[in-house]
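Here is the structure we will look at.
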Amino acid sequence: MCAQPSKGFILLEKTGLLKIIFPELDNLKGVDTIDGKAHKDNFLHSIKVLDNISKNTDNLWLRWAALLHDIAKPATKKYIPEQDGRFTGMNS
């Protein structure tokens, strides 16, 4: 419930605790590049969205929604070369 909650999640990631206590969020880390096509790091994106919403509200449910909005991407992404090399199941 702080002004910049990303700091806590970054500390959890740097210490290795994130993958233990919140593996789904840890799985958002990294960028896949296939045939020159890449997608952003969804971990960094998600905590940035969390920080952005935290500037405007202290509503816990909105903060959770911001943090979790991309949580299924690692499990659902698929690279399909026939579709211009898009990562389906993922938004830009």
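If you're wondering where the values come from, they're calculated on a predicted model, not measured in any experiment.
Atom NZ of Lys29 has more than 12 heavy atoms from other residues, nucleotides or ligands within 6.0 Å.
Nearest heavy atoms, Gly16 versus Lys19: O-CG, 3.3 Å.
Under the 4.5 Å side-chain contact rule for hydrophobic residues, Ile47 and Leu68 share a cluster. Trp61 and Leu50 end up in different hydrophobic clusters when Ile, Leu, Val, Met, Phe, Trp and Tyr side chains are linked at under 4.5 Å. Linking Ile, Leu, Val, Met, Phe, Trp and Tyr whenever their side-chain heavy atoms come within less than 4.5 Å leaves Leu18 and Val31 in two separate clusters. Hydrophobic clustering of Ile, Leu, Val, Met, Phe, Trp and Tyr side chains at less than 4.5 Å, counting indirect connections, keeps Leu11 apart from Leu67.
Note that NZ of Lys48 is 8.5 Å distant from CD of Gln4, once rounded to the nearest 0.5 Å. Residue Lys40 holds its NZ atom at 5.5 Å from NZ of Lys73, rounded to the nearest 0.5 Å. With rounding to the nearest 0.5 angstrom, the CH2 atom of Trp64 is 15.0 Å from the CD1 atom of Ile53. To the nearest 0.5 angstrom, Ser6 atom OG is 12.5 Å from Glu13 atom CD. One distance of note links CG of Asp70 with CG of Asn27; it measures 13.0 Å at 0.5 Å rounding. With rounding to the nearest 0.5 angstrom, the OG atom of Ser54 is 10.0 Å from the CG atom of Leu60.
Paired with Phe22 under the rule side chain to side chain contact (heavy atoms under 4.5 Å, CB included), one option of Leu12, Ile71, Leu28, Leu17 passes, and it is Ile71.
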Side chain to side chain contact (heavy atoms under 4.5 Å, CB included) evaluation trace for Phe43 with Asp26: CA-CA 7 Å; Phe43 170 72; Asp26 189 69; over 6 Å; no

